[in-house]
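The structure appears right after this line, and notes come after that.
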Amino acid sequence: MPRCWSPWTPRGARSPTGAVVIEGPAVAWVGATAELPAAYIDALRSGQAEAIDLHGHVVMPGLVNTHHHMYQSLTRAVPEAQDAELFGWLTNLYLLWARITPEMIRVSTQTAMAELMLSGCTTTSDHLYLFPNGSRLDDSIAAAEVMGMRFHAARGSMSVGRSLGGLPPDELVESEEAILADSERLVGRYHDAGRHAMRRIVLAPCSPFSVSRELMRLSAELARERGVSLHTHLAENDNDVAYSREKFGMTPAQYAEDLGWVGRDVWHAHCVKLDEAGIALFGRTGTGVAHCPCSNMRLASGIAPIGAMRRAGVPVGLGVDGSASNDGAHLLGEARQAMLLQRVGYGPAAMTAREALEIATLGGARVLGRDDIGALAPGMSADIVAFDLQDVGHAGAGHDPVAALVFCQPGSVALSVINGLVVIREGAFEKLELKPLLARHRKLARALFERARHPHIA
């Protein structure tokens with residue numbers, strides 16, 4: 001049972017001293033420490049409950065990451081892709097990704113999750129859309145089990161290679177029959193629709209320039225038949241929009257609507273170039289957007305109109321995106337960047353610190369179609385993180401500790417609780433040996449790069 005300084009009470013007001021009570025996988029009680037029920041005090045005195053003292057910390061719901069490509073942590077800062085926009089960046093990196101192995105998927109997933117967890121993230125989605133050399137989504141699911149992270153595993157796919165007018169090389173695409181069959185298998189084996197579920201499956205054809213319209217339609221039909229969500233990339237930059245207009249005679253939003261890819265069970269990554277009609281459509285239908293500000297800046301894609309989306313009722317969450325288009329995966333840092341970027345584009349009042357945190361928590365939960373994460377309240381999943389504000393990066397920021405999380409340099413969590421279990425305590429993982437994992441990750445990243453540079457190497 002953690003006892004903590006909490007920025008929110010059940011009524012939404014700040015409290016200078018508060019407590020959160022966890023029972024099993026859920027939050028049982030939240031409120032002022034002085035109002036802690038006698039039963040919980042007795043449990044503490046008798047040793048039947050654990051107390052974690054978090055005075056001087058900001059305690060908040062775990063952050064929610066709605067878009068990532070975890071395997072890309074193996075290809076950060078690749079020289080050939082440092083100064084390219086989306087299509088050129090992808091073309092260069094496909095050459096490396098074609099040599100990824102199942103072990104690389106597992107190790108990169110664990111590494112990416114470790115980075116996310118240290119940044120305050122407790123729930124993440126991962127969009128894995130290429131499966132070379134025997135790799136499967138099962139590899140990333142197994143890694144998530146080890147990490148203890150709440151996971152939405154998106155079964156991505158590419159079916160249209162260069163020979164058919166797509167962007168990816170033919171060696172990285174799959175047949176549509178194989179994609180749909182594996183999607184069906186994964187839903188049947190792994191999907192958990194229950195409250196507090198630790199693992200869900202998402203169907204996620206990659207993008208308009210790598211899959212067919214037929215695969216998009218069939219994936220939507222299968223997802224709705226099996227009750228799972230849908231995810232893809234959309235309207236990421238000007239070239240993406242031009243491709244949709246040239247190939248389909250439609251804007252990206254019209255393309256999505258035509259294929260049945262709108263609704264509360266759908267979310268699209270980026271949407272930097274979503275037009276006014278598209279924003280209105282997404283607002284009417286409850287179609288979600290994963291906002292990835294760092295990646296959008298890294299690839300010079302533009303500034304997504306997040307304020308206009310939120311005013312129209314579009315569900316918006318945050319995504320760190322792949323670690324080769326962001327080169328970082330700090331979700332609290334992403335919230336800070338989201339706030340700053342909106343201000344660059346639309347003025348100093350375009351996004352407040354609290355709005356950024358809301359997008360990173362409740363916004364992400366809404367995008368993923370969940371009503372059990374993203375808030376500290378009784379009955380919600382016990383996903384709780386705490387940041388120590390007594391470090392040098394927060395010196396002098398005690399006037400508004402909540403805003404300080406976003407305005408000041410983002411730090412690492414002191415405590416992370418996922419599904420009621422402590423996974424990080426005093427800034428260190430409870431069970432994970434991080435140094436050996438990172439050493440293996442570095443070795444695999446070097447091997448991947450060398451294999452691409454020297455294809456004759458086994």
Side-chain angles (χ1 to χ4, degrees), residues 61 63-68 123-127 150-156 183 186-187 191-208 216-235 251-271 274-292 304-319 355 358-375 377 379-381 383:
L63 307 181
V64 180
N65 179 35
T66 62
H67 186 64
H68 206 342
T123 298
T124 187
S125 177
D126 182 44
H127 190 187
R150 204 175 297 277
F151 189 37
H152 285 231
R155 204 300 181 184
S183 298
L186 290 162
V187 173
H191 185 67
D192 181 356
R195 191 168 182 80
H196 310 308
M198 290 293 289
R199 182 179 61 230
R200 289 185 177 169
I201 300 297
V202 180
L203 302 191
C206 184
S207 61
M216 294 288 283
R217 285 197 183 94
L218 292 173
S219 295
E221 291 174 5
L222 177 60
R224 281 158 183 149
E225 177 184 323
R226 300 302 302 271
V228 301
S229 297
L230 291 162
H231 181 51
T232 192
H233 299 86
L234 196 77
T251 67
Q254 290 169 336
Y255 170 81
E257 183 179 29
D258 184 61
L259 298 174
W261 274 72
V262 293
R264 299 188 185 280
D265 57 349
V266 183
W267 84 98
H268 299 273
H270 301 290
C271 295
L274 197 64
D275 58 14
E276 289 186 11
I279 291 171
L281 170 67
F282 279 26
R284 288 195 307 272
T285 57
T287 305
V289 169
H291 177 43
C292 307
I306 299 304
M309 291 181 190
R310 283 167 54 85
R311 288 191 295 273
V314 178
V316 177
L318 285 183
E355 285 173 329
E358 179 188 355
I359 291 170
T361 52
L362 283 171
R366 188 180 173 199
V367 165
L368 294 184
R370 300 195 67 139
D371 62 1
D372 56 352
I373 60 173
M380 301 295 283
S381 297
D383 294 356

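- Looking only at distances, a side-chain donor or acceptor of Arg370 sits under 3.5 Å from a matching main-chain atom of Ala197.
- By the 4.5 Å heavy-atom criterion applied to side chains, Asp383 and Val64 are not counted as neighbours.
- With hydrogens and angles disregarded, a donor-acceptor distance shorter than 3.5 Å links the side chain of Arg200 to the backbone of Asp192.
- Between His127 and His233, the ring center distance clears the sub-6.0 Å criterion.
- Remark: the backbone N or O of Thr287 is not paired with any side-chain donor or acceptor of His268 at under 3.5 angstrom.
- Sorted by first and then second residue, the pairs that involve residues 221-235 and meet salt bridge (charged side-chain N to carboxylate O under 4.0 Å, His left out), not counting sequence neighbours, are Glu184-Arg226, Arg224-Asp265.
- Heavy-atom neighbours of Arg195 CZ from other residues, nucleotides or ligands within 6.0 Å: above the threshold of 12.
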* Determine, stepwise, if the pair Ser125 / His67 fulfils side-chain contact (heavy atoms from CB on, under 4.5 Å). => CA-CA 6 Å; Ser125 177; His67 186 64; over 6 Å; no
* To do: Please step through side-chain contact (heavy atoms from CB on, under 4.5 Å) for the pair Ile306 and Ile359, ending with a clear verdict.
  => CA-CA 10 Å; Ile306 299 304; Ile359 291 170; 4.3 Å; yes
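- Taking 4.5 Å as the limit, some side-chain heavy atom of Thr361 sits within range of a side-chain heavy atom of Leu63.
- In this structure, the side chains of Cys271 and Met309 come closer than 4.5 Å at one or more pairs of heavy atoms.
- A donor-acceptor pair under 3.5 Å links the side-chain atoms of Thr66 to the main chain of Leu318, judged by distance alone.
- Between the side chain of Arg366 and the backbone N or O of Gly288 there is no donor-acceptor pair closer than 3.5 Å.
- Under the 3.5 Å distance criterion, the side-chain polar atoms of His191 are matched with a main-chain donor or acceptor of Ile201.
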* Output, in order, the C-alpha distance, side-chain angles, deciding distance and verdict of side-chain contact (heavy atoms from CB on, under 4.5 Å) for Trp261 and Leu234. => CA-CA 11 Å; Trp261 274 72; Leu234 196 77; over 6 Å; no
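- By the 4.5 Å heavy-atom criterion applied to side chains, Arg217 and Asp258 are counted as neighbours.
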